[in-house]
> 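Encoded as C-alpha cells, here's the structure I'll be asking about.
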Number of protein chains: 4
Amino acid sequence: MRTKDEGKINRIYQATVDLVMQVGIAGATIPKIAKKAGMASGTLYIYFENKEDLLRQLYLHLKSEMVSVTFGALDKSAPFKLQMFQLWKEFLAMAVEKYPERIFLEQYKISPFYDEQVMEASIGWVKQAEDFLEEGKNQLLVKDIQKDLVYSMMYGFLNELAVQHRRGLFHLNDHRIGDSFGLLWDAIKA
Amino acid sequence: MRTKDEGKINRIYQATVDLVMQVGIAGATIPKIAKKAGMASGTLYIYFENKEDLLRQLYLHLKSEMVSVTFGALDKSAPFKLQMFQLWKEFLAMAVEKYPERIFLEQYKISPFYDEQVMEASIGWVKQAEDFLEEGKNQLLVKDIQKDLVYSMMYGFLNELAVQHRRGLFHLNDHRIGDSFGLLWDAIKA
Amino acid sequence: MRTKDEGKINRIYQATVDLVMQVGIAGATIPKIAKKAGMASGTLYIYFENKEDLLRQLYLHLKSEMVSVTFGALDKSAPFKLQMFQLWKEFLAMAVEKYPERIFLEQYKISPFYDEQVMEASIGWVKQAEDFLEEGKNQLLVKDIQKDLVYSMMYGFLNELAVQHRRGLFHLNDHRIGDSFGLLWDAIKA
Amino acid sequence: MRTKDEGKINRIYQATVDLVMQVGIAGATIPKIAKKAGMASGTLYIYFENKEDLLRQLYLHLKSEMVSVTFGALDKSAPFKLQMFQLWKEFLAMAVEKYPERIFLEQYKISPFYDEQVMEASIGWVKQAEDFLEEGKNQLLVKDIQKDLVYSMMYGFLNELAVQHRRGLFHLNDHRIGDSFGLLWDAIKA
DNA sequence: GATGAATGAGGCTTCATTCAT
DNA sequence: TATGAATGAAGCCTCATTCAT
C-alpha cells in the first residue's frame, strides 16, 4: 500500500496559502485549491476530512512553523536587548518573506472556521513570547507591567507593519528596522 | 407610496455589523442580513446596488463616524500629551463599545471587496492622525521619526487590544488604560 | 374623475415594442418598460391587469393596425395584379418602417404568453388575405390551389425578408421590390 | 470516476428542445431543463459553461444536423428540378418530424442569445442552398435573380408551413407537397 | 390616478462533498 | 490511492405584483 503522500499535503498547503492571499479565505474554494495544487478535488478528501479540517491543520502547521523559525534562531546566550533586536528582525523578515502565510493566518483567525478549540491549540506562541519578556523583566530591562499589554503592543505593531508592507506602503531597510525597534524598545524598557 | 425609510439603512448596517462579528464577512450572506434586519432580501437592493456596494457604504460610514467621534472630542487647547492621552482613551473606549464595528472594519479591509478606490476614500483617518503627530513633533515632544512607523505602532497596538478584549482577554480599567498609554508614550516621546 | 389617459397607453405600447426589439420579449421586464415609458411600474397595473394582459392587448392592437394599414390603402377598383403589387409594396414598406412592431408580433407569437385564445382573435388578417386571393382566383389570374398554401408562401416570404432586413442583409429599393414581386407573382399566377 | 456520459448531452439537448417547444425559450429555465433531463441542475454545468453556451451548442448541433440530413440525401446526378423536388420533400418531412427542433432554431435566432458570432458559424446552410441554386441558374432553369431573394422565399415559405403544421392547420400529403412545390418552382423557374 | 418601496419566489450559478470507476 | 462526474443546497440578484401614501 502506498502511504499517504507527504508531498501532496505540502502542495495543498501551498496552494491554499497562495489562493487565500489572492482571493481571500472566502474565495479559496476546494475546486480552486485542488486545481492550483495539481490534483482532483476528491483527492483533498483523502488527506483531510473536510475543508474545515484542512484549514485548521494548515493554521496549526504554519503557526508552529513560525514560532520555531523566529524563536528557534535566538541566541540565548546573547544580552537581552540584542536578543530582542534579533527577534524583531526575524519577525519583520518573516513579515516580508512569508507574508502570504501571514495573510492566511490573519484571515483564518477571523473566519467562521476559527473556534475556541483552535485558539487554545495555538497559544504556544504567546507562551514563548511571554517567557521571553519575563526574562527581560528579571534583568530589570523591561518595565514591570502586565505582560499581555507588552505582548499586544509588539504583536499589533508587527502585524500592522506587515499589512502596510503588503500594500506596498512599508519598505523594509536597515534604517527602518532600526527605527521601528527604537520605538518598541523605548516603549518597554524599564 | 411608501417613502424610503432612512431607518432601514441603519437596520441593514446594524444587521451586517452584528453578523460579520458572529460569522465573519464570508458568512454574512444577503439572506441572513435581510432576515436579521427584519426585511425581505429584495428590499436590500432598493437601498444598495449590490452586496459590494452595501459593504463599501457601510465601511465608509463607520470609518468617518469613528474618525469624527474620536478626533471630534479632542480639546485642541489642551497640552499635547494630555490630548494624546484623551485620544488614546477615546480609541480604547471605542474599541470596547464598538468592537463589532471594529471587527467589520478589519474584516472588510482584508476582504476581496476592499479595493484601491475604497482605500483612497478612507485615508481621512490616517491624515488626521498624522497631522496630530506632526503637532507633537513641532513641540519637540515626539521623536523625529517617520510618521508611518508611529502610526503603525499606535494603530496596531490599539487593534490588538481590541482583539484581546473581544476574546475576553483584555479587561479595560483606568489602571490598564494608564499602563497602555505609558507604553505608547514612552515609545514615541522625544 | 380623470379618465384613464389614452396617451399613457400609447407610451406603454411604444416602450414595450422598442424594448422587445432591443432585448427580446424575455428581456422586456415591467420595470424596464415603465422606465422607458416614463412612469412608475405600478402605473402599468392601472392600465393593464398584468404583464400577460399588456402583451395581449398590444398584440391585438398592432395586428389590427397592420391589417387596416395594408389592406386599407388598397384601391379596390384597380386591376387585380396592380392591387397585389400595391399590397406587396405596402407589406414591404411596413416591414421596413415598422419592423420593431413586426419583431414584437413574431416574438409574442412564440412566447409562453401566446395561447389559443389570442390566436383566434387575430385571424382577421388571414381572412382578409384569403378573401383577396379568392378574388384573384375568380378572375382566373391566380392558380386554383389551396388558399392556405398561397397564404403561407406570401406570409413566410414577407416575414423572411423582414428578418433579413433587420439584420441589414436585405436592402430595399424599387429594383428589389420588383424582383421579389416577380417571384411571388410567378408562383401564384394561373 | 464516473466517465463523462455523451448520452447525457443528448438528454440535455432533447429536454431543452422539448421545453422550448412547450414554453418558449424564455420559459426554458435551467432547473426545468435539468428536471426534464433527469439530472441535477449542477450537472448541466459539467457539460456546458452556462446557459448561453448550452443554447449555442444546441443551435449549432441542430443546424449542422439538419443541413447534412437534407442536403446529404441529395442525388447529385439527378436532373436539377428533380433534385429540387427531393430537397423540398426533405425539408417538409423535416418540418413535420423535427418541428420541435425547428421551433428551437427559430426561437433561438430571435433571442438575445443569438449574436454575430453564432450567425457566422451557421452560414453553412445558406452557402449550401445558394450553391445549389447557382447550379440551377447555370442550367438556365432558375431565374437570373439575386440569390438572397430566392433563398428568402424558399426559407420563409418552408418556415411558415412548419408553423402551420404545428398548429394543426397544415396537413402534409403527397398532393399538398406537390402543390407547394408547384408554387415554389413556378416562382423561381426561368 | 400615480408612485415606487416592499415582497419573496425563482433564475443562474458555484460550492462542498460523495462515490463509481 | 486518485479521479472528476454528480448532487442539491445555497448564494446573489431580478422580477412581477401589491399597496401605503
Side-chain angles (χ1 to χ4, degrees), chain A residues 1-5 8 26-35 37-55, chain B residues 1-6 8 26-35 37-54, chain C residues 1-5 8 26-35 37-55, chain D residues 1-6 8 26-35 37-54:
Chain A
M1 185 198 82
R2 264 171 298 173
T3 172
K4 281 188 187 178
D5 184 349
K8 271 208 178 82
T29 66
I30 292 286
K32 282 186 200 141
I33 292 171
K35 190 174 180 189
M39 64 189 69
S41 56
T43 308
L44 287 179
Y45 287 83
I46 294 166
Y47 294 91
F48 301 96
E49 230 174 83
N50 50 34
K51 191 179 182 179
E52 187 179 349
D53 182 41
L54 158 57
L55 295 180
Chain B
M1 184 198 70
R2 276 160 271 188
T3 41
K4 227 171 186 172
D5 183 357
E6 200 64 26
K8 229 163 225 153
T29 68
I30 291 286
K32 281 185 201 145
I33 291 171
K35 191 169 182 190
M39 63 188 70
S41 59
T43 307
L44 285 179
Y45 290 85
I46 294 167
Y47 295 91
F48 301 96
E49 241 173 71
N50 49 37
K51 191 179 181 179
E52 184 179 351
D53 182 41
L54 158 58
Chain C
M1 186 197 83
R2 264 170 299 172
T3 174
K4 281 187 187 176
D5 185 350
K8 270 209 179 79
T29 66
I30 293 285
K32 282 186 199 143
I33 292 171
K35 188 173 182 188
M39 64 189 71
S41 58
T43 309
L44 287 179
Y45 287 83
I46 295 167
Y47 293 91
F48 301 95
E49 231 174 81
N50 50 35
K51 191 179 183 181
E52 185 179 350
D53 182 41
L54 158 58
L55 295 179
Chain D
M1 181 197 68
R2 277 159 270 189
T3 41
K4 227 172 187 172
D5 183 355
E6 200 63 28
K8 229 163 224 151
T29 67
I30 292 284
K32 282 185 199 145
I33 292 171
K35 191 171 183 188
M39 62 188 71
S41 58
T43 307
L44 285 178
Y45 290 84
I46 294 167
Y47 295 91
F48 302 97
E49 238 173 72
N50 49 35
K51 190 179 183 180
E52 185 179 351
D53 182 42
L54 159 57

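In what follows, every chain begins at residue 1, and chains take the letters A, B, ... in the order their sequences are listed. Every heavy atom of this structure was used, including side-chain atoms; hydrogens, water molecules and symmetry mates were not.
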> Rounding to a whole Å, what distance do you find between F48(A):CZ and dT1(F):P?
14 Å

> When rounded to the nearest 0.5 angstrom, what is the spacing between OG1 in T43(B) and CD1 in I30(B)?
11.5 Å

> Taking pairing as Watson-Crick or G-U wobble with both contacts under 3.5 Å, can you name the mate of dT21(E), or confirm there isn't one?
dA2(F)

> Within this structure, what is the NZ-to-P distance between K35(A) and dA16(E), rounded to whole angstrom?
15 Å

> Whole angstroms only, please: what is the OH-P distance between Y45(C) and dG1(E)?
16 Å

> Under a 3.5 Å cut-off for both contacts, is dG8(E) paired Watson-Crick or G-U wobble with anything, and if yes, with which nucleotide?
dC15(F)

> Which heavy atom of A34(B) sits nearest to which heavy atom of S41(B), and what is that distance?
CB-CA, 3.5 Å

> Hey, does the side chain of K8(C) come within less than 4.0 Å of dA2(E)'s phosphate (OP1/OP2), counting only N and O?
yes

> OP1, OP2 of dT14(F) versus side-chain N and O of K32(C): anything below 4.0 Å?
no

> Has the side chain of Y47(D) got a donor or acceptor atom that lies under 3.5 Å from a matching backbone atom of D5(D)?
yes

> How do M39(B) and P31(D) order along DNA chain E: which one's closest nucleotide is nearer the 5' end?
M39(B)

> Considering non-hydrogen atoms only, spot the tightest contact between A26(A) and A26(B) and give its length.
CB-CB, 3.4 Å

> How close or far is atom P of dA16(F) from atom CD1 of I30(C), stated in whole angstroms?
6 Å

> How many Å lie between CG on L44(A) and P on dT17(E), as a whole number?
10 Å

> In this structure, how many angstroms lie between the P atom of dA20(E) and the CZ atom of R2(D), rounded?
6 Å

> How do S41(D) and S41(C) order along DNA chain F: which one's closest nucleotide is nearer the 5' end?
S41(D)

> So what does T43(B) touch, heavy atoms closer than 4.0 Å: a base, only the sugar-phosphate, or nothing?
base

> Between E49(B) (CD) and dC13(F) (C1'), how many Å, whole number?
12 Å

> Output the rounded distance in Å from CD1 (I33(A)) to P (dT17(E)).
11 Å

> Please determine, for the side chain of T29(A), which listed nucleotide (dA5(E), dA20(E), dA16(E)) has the closest atom?
dA16(E)

> Between dC15(E), dA2(E), dC15(F), which nucleotide gets closest to the side-chain atoms of I46(C)?
dA2(E)

> Side chain of A40(A) only, please: which of dT7(F), dC19(F), dG4(F) is the nearest?
dG4(F)

> For G38(C) and for K51(D), locate the closest nucleotide of DNA chain E by heavy-atom distance; then report the residue assigned to the nucleotide nearer the 5' terminus.
G38(C)

> Of the candidate nucleotides dC13(F), dT3(E), dA2(E), which contains the atom at the shortest distance from the side chain of N50(B)?
dC13(F)

> How long is the straight-line distance from CG of L44(C) back to NZ of K51(C), given to the nearest 0.5 Å?
10.5 Å

> Does Y47(B) put a side-chain nitrogen or oxygen below 4.0 Å from OP1 or OP2 of dA5(E)?
no

> I need the L54(A) CG to F48(A) CZ distance, nearest 0.5 Å.
5.0 Å

> Measuring from the side chain of D5(D) (C-beta onward, heavy atoms only), which nucleotide among dA16(F), dA5(E), dA6(F) has the closest atom?
dA6(F)

